[in-house]
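Taking it in order: structure first as structure tokens, then the write-up.
Note that these values count all heavy atoms, side chains included, but never hydrogens, waters or copies made by symmetry.
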Amino acid sequence: MKNIISTILFLFVAIAAFPQQTLRQKLDSIVQVRRLKADSIITRADSAIKANRVGERLDSLIDAKQAKSNFDTDYISRPKEKWTLKARGNLFGAHIGTKLHDDGVKSITSLTADMKTTISFAASYRGITLGLGVNPAKLFKKNSDYELNFNQYGPRFGFDVTLLSANSYKGTTRVGDNEFNVPKGLVHQRAFTTSVYYSFNHRRFSYAAAFSQSYDQLRSAGSLLAGISFLAMRTKGDANEDIGMQKFRIYMGHVGIGAGYAYNYVIDRRWLIHASFLPTVVVINRSNITINGEKEKMPYYFPSLFNTGHFAVIHYFKNYFAGVTAVVNASIIGRSDHQQMTYVKWRARTVFGIRF
């Protein structure tokens, strides 16, 4: 009993002797930490509530927009998952060719640009997509070419737009019976191409199912297409005595209108195979060629064509999908026995994605 009393007296004396200010500071510190923790919890809760409200508003806007869409749900559906992540490998190429007859001398040139490779990643929330692409050759400065592609595959209207700058063309030129190699760096090109389509059977056929995977094609269906194309391209060549090449500039500018057909073939709802062709006839032509300062208008011959082709194979398994797609633009202006210019631009893509 004496030991217990002694211990209590000792603690009382120790507490009484402890500086009151130090004790108050420690108590205040404990209270402040608890308040900060409480404020942090409240702040996180407020942020979560605000994020949920933003998400709900975004969903409401998307729901309102999608409610206006009129498609046959036996043929087309939207993914039940809200998020889609995709990784894509892209390969680009271009080719130009000319056939000229001048004073009985025939010259044929065939040039191909270096193929370009990019890697891209995209995240999509209910069809709203944000993507990023990287060109490894650009990172290591091994290629001076660049290319920008914009595309939209809507249910009724869609388009492909390409901006190209190429300085890597190389190939051969034949003048009469003599053939020469054209080294890289002599020919420079700037090009802008646009192809726009209208799908008549948009209720049952979806371009987006094959090329953006924002829809699912449930049953096979096709559609007639109407289209407009536009091409503006300038190709310049430097003079080179070693290969007998004269300084030249070729400008191709035309507008075309036409019609085509597209088809989505579905196998067991696991495979989607797409093919479409949209040829347009040039109705406005502003093409010309300048050689050593002498400019000559390239005559128009009917039919001068600009053709756009789309191809795709997509395989679905569980909530994953993988496949390949391709877009090819080909333009032919002029006639082979006088003056003719051909231009081919293509893009191939592999895609792998996951939905959740």
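Going from atom CZ of F121 over to atom NZ of K86 covers 13.5 Å, rounded to the nearest 0.5 Å. Separating the CG atom in D216 from the CG atom in L272 is a distance of 9.0 Å, to the nearest 0.5 Å. The OG1 atom of T117 sits 8.5 Å away from the CG atom of N90 when rounded to the nearest 0.5 Å. Distance CG/L148 to OH/Y146: 7.0 Å, rounded to 0.5 Å. In this structure, OH on Y75 lies 13.5 Å from CZ on F205, to the nearest 0.5 angstrom. From N240, atom CG reaches atom CZ of F180 across 10.0 Å, with rounding to the nearest 0.5 Å.
Scanning both residues, A322 and F352, for their nearest heavy atoms gives CB-CD1, 4.0 Å. Taking both residues in full, the closest heavy atoms of R88 and A122 are given as NH2-CB, 4.3 Å, listed atom of the first, atom of the second, then distance. Between A210 and N264, the shortest heavy-atom distance links the atoms CB-OD1, 4.4 Å. When all heavy atoms are compared, the tightest approach of G154 to Y197 is O-OH, 2.9 Å. Scanning both residues, I314 and F321, for their nearest heavy atoms gives CG2-CB, 4.4 Å. Annotation for L278 and A259: closest pair CD1-C, 3.7 Å, computed over non-hydrogen atoms.
Residues S206 and Q217 bring no donor and acceptor atom of their side chains to less than 3.5 Å of each other. Judged purely by distance below 3.5 Å, without hydrogens or angles, the side chains of S214 and S212 pair a donor atom with an acceptor atom. In this structure, a donor-acceptor pair under 3.5 Å is present between the side chains of T109 and T173.
For the pair M252/L231, a side-chain contact is recorded, criterion being any heavy-atom separation below 4.5 Å from C-beta on. Side-chain contact check for T290 versus Y251: every heavy-atom pair is 4.5 Å or farther apart. Annotation: side chain of S195 is not in contact with side chain of T193 (no heavy-atom distance under 4.5 Å). Two residues are said to be in side-chain contact when any heavy atoms from C-beta on lie closer than 4.5 Å; R249 and N288 meet this criterion. Residues V187 and T235 meet the side-chain proximity criterion, which asks for heavy atoms closer than 4.5 Å. At least one side-chain heavy atom of I267 sits under 4.5 Å from a side-chain heavy atom of I273. The side-chain heavy atoms of F356 and T84, taken from C-beta on, include no pair separated by under 4.5 Å. In this structure, the side chains of F211 and H310 come closer than 4.5 Å at one or more pairs of heavy atoms.
Sequence neighbours left out, the pairs with a member in residues 316-330 that pass side-chain hydrogen bond (donor to acceptor under 3.5 Å, both in side chains) are T308-N329.
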Q: Might you work through the side-chain contact (heavy atoms from CB on, under 4.5 Å) test for F317 and H315, ending with a clear yes or no?
A: CA-CA 7 Å; F317 45 101; H315 177 53; 3.4 Å; yes
Q: Under the side chain to side chain donor-acceptor pair (under 3.5 Å) rule, what do S199 and R156 come out as? Steps first, then yes or no, please.
A: CA-CA 5 Å; S199 173; R156 297 193 185 194; over 6 Å; no
Q: Determine, step by step, whether I332 and Q340 satisfy the side-chain contact (heavy atoms from CB on, under 4.5 Å) criterion, reporting the C-alpha distance in whole Å, the side-chain angles of both residues, the deciding distance to 0.1 Å, and the verdict.
A: CA-CA 7 Å; I332 303 176; Q340 187 180 73; 3.7 Å; yes
Q: Please step through side-chain contact (heavy atoms from CB on, under 4.5 Å) for the pair V283 and I257, ending with a clear verdict.
A: CA-CA 7 Å; V283 293; I257 58 175; 4.0 Å; yes
**Q.** Derivation and outcome, side-chain contact (heavy atoms from CB on, under 4.5 Å), residues M115 and F92
**A.** CA-CA 5 Å; M115 288 190 295; F92 308 92; over 6 Å; no
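Looking at S223, its side chain does come within 3.5 Å of a backbone N or O of N201 through a donor-acceptor pair. Looking at S331, its side chain never comes within 3.5 Å of a backbone N or O of F306 through a donor-acceptor pair. Side-chain atoms of D72 come within 3.5 Å of backbone N or O of D74 as a donor-acceptor pair. With hydrogens and angles ignored, the 3.5 Å screen pairs a side-chain donor or acceptor of S168 with a backbone N or O of D114. Using modelled atom types, no side-chain atom of H202 and backbone atom of F71 make a donor-acceptor pair closer than 3.5 Å. Side-chain atoms of N167 never come within 3.5 Å of backbone atoms of D145 as a donor-acceptor pair (strictly under, hydrogens ignored). In this structure, the side chain of H95 does not engage the main chain of A113 through any donor-acceptor pair within 3.5 Å. Listed for the S220 side chain is a donor-acceptor partner under 3.5 Å among the backbone atoms of V266. Checking side-chain atoms of K345 against main-chain N and O of G93 turns up a donor-acceptor pair under 3.5 Å.
In the displayed structure, R174 atom CZ is contacted under 6.0 Å by at most 12 heavy atoms of other residues, nucleotides or ligands.
The distance between the ring centers of F200 and Y198 falls below 6.0 angstrom.
Ring-plane geometry between H274 and Y207 is classed as tilted, the angle between the planes lying from 30 to 60 degrees on a 0 to 90 degree scale.
Follow the hydrophobic side-chain contacts under 4.5 Å out from Y153 and you never reach F150; the two are in separate clusters. No path of Ile, Leu, Val, Met, Phe, Trp and Tyr side chains, each step under 4.5 Å between heavy atoms, connects F159 with Y261, placing them in separate hydrophobic clusters. A continuous path of ILVMFWY side-chain contacts below 4.5 Å connects V182 to I289, so both sit in one hydrophobic cluster. No continuous path of hydrophobic side-chain contacts links L164 to F230 [ILVMFWY only; heavy atoms under 4.5 Å]. In the hydrophobic clustering of ILVMFWY residues, with side-chain heavy atoms under 4.5 Å counting as a link, L186 and M233 come out together.
Qualifying side chain to side chain donor-acceptor pair (under 3.5 Å) partners for T162, counting only residues two or more places apart in sequence or in other chains: N149.
Considering L111, I108, I250 as possible partners of T98, the one that fulfils the side chain to side chain contact (heavy atoms under 4.5 Å, CB included) test is I250.
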